[in-house]
Amino acid sequence: MTANTRPGAITALLFATSTWGSLFLIGKTVVAQLDPVWFTFSRYTLATAVLALLVQFAGHQPWAKLRRHALRHSLVGLAGYGVFSIMVFHGLRLSLPSHGSVIMATMPFTTMALRWALDGQRPPLRALLGAALALAGVATVANLLGQAGEINARMLLGDAITLTGTLGWVLYTRAMAKVPDHSPLEYTALTAIAALPGLALVALLATLLGWAQAPSPELLLDLSPKLVYIALVPTVAAVLAFNAGVKKLGAPLGTLFLNMVPVSVIAVHAVMGEAPHANEIAGAALVGIGLALTVWAPRAAAAPAPRVALGNAAPCTR
């Protein structure tokens with residue numbers, strides 16, 4: 001990766017993870033009325049329609065790639081779009097958004113651990129320190145220690161569901177390296193297209209078994225402005241930006257930017273007139289330091305010019 005591509009990748013990741021802050025704020029109100037299973041299916045039905053049009057015009061033989069990787073894309077898409085979205089929003093129903101934001105921030109550690117265990121690639125100490133600082137910052141933002149007395153069995157169950165759901169996004173992010181011939185748009189779109197039938201089947205089965213309640217047309221119409229925004233911005237635009245950044249920087253560094261999600265929630269609240277608290281400011285500073293420490297890549301020292309022994313020097317022919 002050249003120095004010119006790195007700022008663009010960082011900008012894309014910051015945009016994606018900051019935008020996902022609005023997903024938690026708006027999505028929390030939506031899943032209060034719409035079951036997370038149907039919320040996920042509705043969200044990705046709209047998003048997949050947009051992504052299919054984009055990949056048709058901007059992709060390079062996308063349908064041949066979809067046929068070649070149909071099963072892989074279906075499973076990866078169900079993990080990243082289905083398992084992650086359904087379980088995270090189910091967890092948020094039982095617990096607090098602040099707990100969810102801290103659990104989201106564990107994904108860099110999960111990604112690094114999987115890469116170390118499965119690929120044998122040990123992360124540098126600088127990356128581990130940066131991830132630890134960012135995680136401490138998110139915990140400070142969420143005031144997790146201050147809520148210790150309020151934690152109960154319902155919250156713990158919600159947190160466990162959310163933590164399990166994050167594994168879906170980690171697997172989805174890692175799987176991008178398996179298809180290097182895919183552009184970020186192609187990977188985003190083709191995994192969404194392949195996963196959509198599975199998402200529909202999950203929604204129908206959950207409804208038939210009584211685990212989820214199908215929404216009425218009136219409810220969907222009432223929620224349509226929020227669903228359209230969620231489909232276009234936090235889903236299509238943000239996932240495209242995230243996948244573009246991960247393709248350039250790699251999954252371990254890309255997932256570290258997920259620490260920006262709770263910080264972006266604070267920023268949105270500040271714009272709406274809710275001043276940030278001291279712990280939020282301190283936590284945001286820790287996140288920024290952790291990201292800077294990990295993103296910053298020291299330049300390698302210039303290699304010394306090779307020394308030529310005088311006795312072996314070529315004779316002057318002039």
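Not measured: the values here are computed from a predicted model. When reading the values below, keep in mind they use all heavy atoms of this one structure, side chains included, and skip hydrogens, waters and symmetry mates.
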Requested in this report: Given side chain to side chain contact (heavy atoms under 4.5 Å, CB included), test I10 with L249 step by step and report yes or no.
Outcome: CA-CA 8 Å; I10 292 172; L249 297 183; 4.1 Å; yes
Report task. Output, in order, the C-alpha distance, side-chain angles, deciding distance and verdict of side chain to side chain contact (heavy atoms under 4.5 Å, CB included) for V76 and Y187. Result -> CA-CA 10 Å; V76 168; Y187 184 74; 3.2 Å; yes
Query raised in the report: Checking side chain to side chain contact (heavy atoms under 4.5 Å, CB included) for the pair W38/L220: CA distance, chi angles, key distance, verdict?
Result: CA-CA 10 Å; W38 283 98; L220 290 176; over 6 Å; no
Requested in this report: Check the pair M87, T162 against side chain to side chain contact (heavy atoms under 4.5 Å, CB included), reporting the backbone distance first and the verdict last.
Outcome: CA-CA 6 Å; M87 297 192 74; T162 300; over 6 Å; no
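Although no hydrogens or angles enter the test, the distance criterion places a donor-acceptor pair under 3.5 Å between the side chain of K28 and the main chain of L92. Proximity of a side-chain donor or acceptor of E186 to a complementary backbone N or O of S183 within less than 3.5 Å is detected. The main-chain N or O of T45 is never found under 3.5 Å from a side-chain atom of T48 such that the two would form a donor-acceptor pair.
Other residues, nucleotides and ligands place more than 12 heavy atoms under 6.0 Å from the CZ atom of R93. For Q213, the CD atom sits in a loose shell: 12 or fewer heavy atoms of surrounding residues, nucleotides or ligands are nearer than 6.0 Å. Applying the 6.0 Å contact sphere to CH2 of W211 captures no more than 12 heavy atoms from other residues, nucleotides or ligands.
Atom-to-atom distance recorded for L75:CG and L171:CG is 11.0 Å, nearest 0.5 angstrom. Note that CG of L190 and OG of S74 are 12.0 Å apart. Values are rounded to the nearest 0.5 Å. Note: L78 CG to S85 OG = 12.0 Å, rounded to the nearest 0.5 Å. Atom CD1 of I193 sits about 10.5 Å away from atom OG1 of T188, to the nearest 0.5 Å. Atom CG of L201 and atom CG of L205 lie 4.5 Å apart (nearest 0.5 Å). The OG1 atom of T166 sits 5.0 Å away from atom CG of L163, with the distance rounded to the nearest 0.5 Å.
In this structure, L227 is a member of the same hydrophobic cluster as I26, with clusters built from ILVMFWY side-chain heavy atoms closer than 4.5 Å. Linking ILVMFWY residues whenever their side-chain heavy atoms come closer than 4.5 Å, directly or via other members, leaves L167 and Y172 in distinct clusters. V55 and L53 fall into different hydrophobic clusters, where Ile, Leu, Val, Met, Phe, Trp and Tyr are joined by side-chain heavy atoms under 4.5 Å apart, directly or via other members. In the hydrophobic clustering of ILVMFWY residues, with side-chain heavy atoms under 4.5 Å counting as a link, I161 and L34 come out apart. Placement of L219 and Y229 within a single hydrophobic cluster is found when ILVMFWY residues are connected by side-chain heavy-atom separations under 4.5 Å, directly or transitively.
Ring geometry for F242 versus W20: interplanar angle of 30 to 60°, hence tilted.
Looking at heavy atoms from C-beta onward, F39 lies out of side-chain contact with L223 at the 4.5 angstrom threshold. The shortest distance between side-chain heavy atoms of L51 and T235 does not fall below 4.5 Å. Within the 4.5 Å cutoff, the side chain of D181 has no heavy atoms near those of the Q61 side chain. Between F84 and V170, the closest side-chain pair of non-hydrogen atoms is not below 4.5 Å. Proximity of F89 to R43: side-chain heavy atoms (C-beta onward) are separated by under 4.5 Å at one or more points. Within the 4.5 Å cutoff, the side chain of L240 has heavy atoms near those of the V236 side chain. A heavy-atom distance below 4.5 Å is not found between the side chains of V31 and H90.
Under the ring pair (Phe, Tyr, Trp, His ring centres under 6.0 Å) criterion, F15 pairs with no residue at all, not counting sequence neighbours. In this view, H182 and H69, H73 satisfy the ring pair (Phe, Tyr, Trp, His ring centres under 6.0 Å) rule, not counting sequence neighbours.
Contact record, A238 with A16: O-CB, 3.2 Å, taken as the closest heavy-atom pair. A pairwise comparison of heavy atoms in G77 and A195 identifies C-CB, 3.5 Å as the closest pair. When all heavy atoms are compared, the tightest approach of M176 to N243 is CE-OD1, 3.2 Å.
Cluster partners of V202, by chain and number: V37, I86. The rule joins Ile, Leu, Val, Met, Phe, Trp and Tyr whenever side-chain heavy atoms lie under 4.5 Å apart.
Here the two rings, on F41 and Y81, have centers that are 6.0 Å apart or farther.
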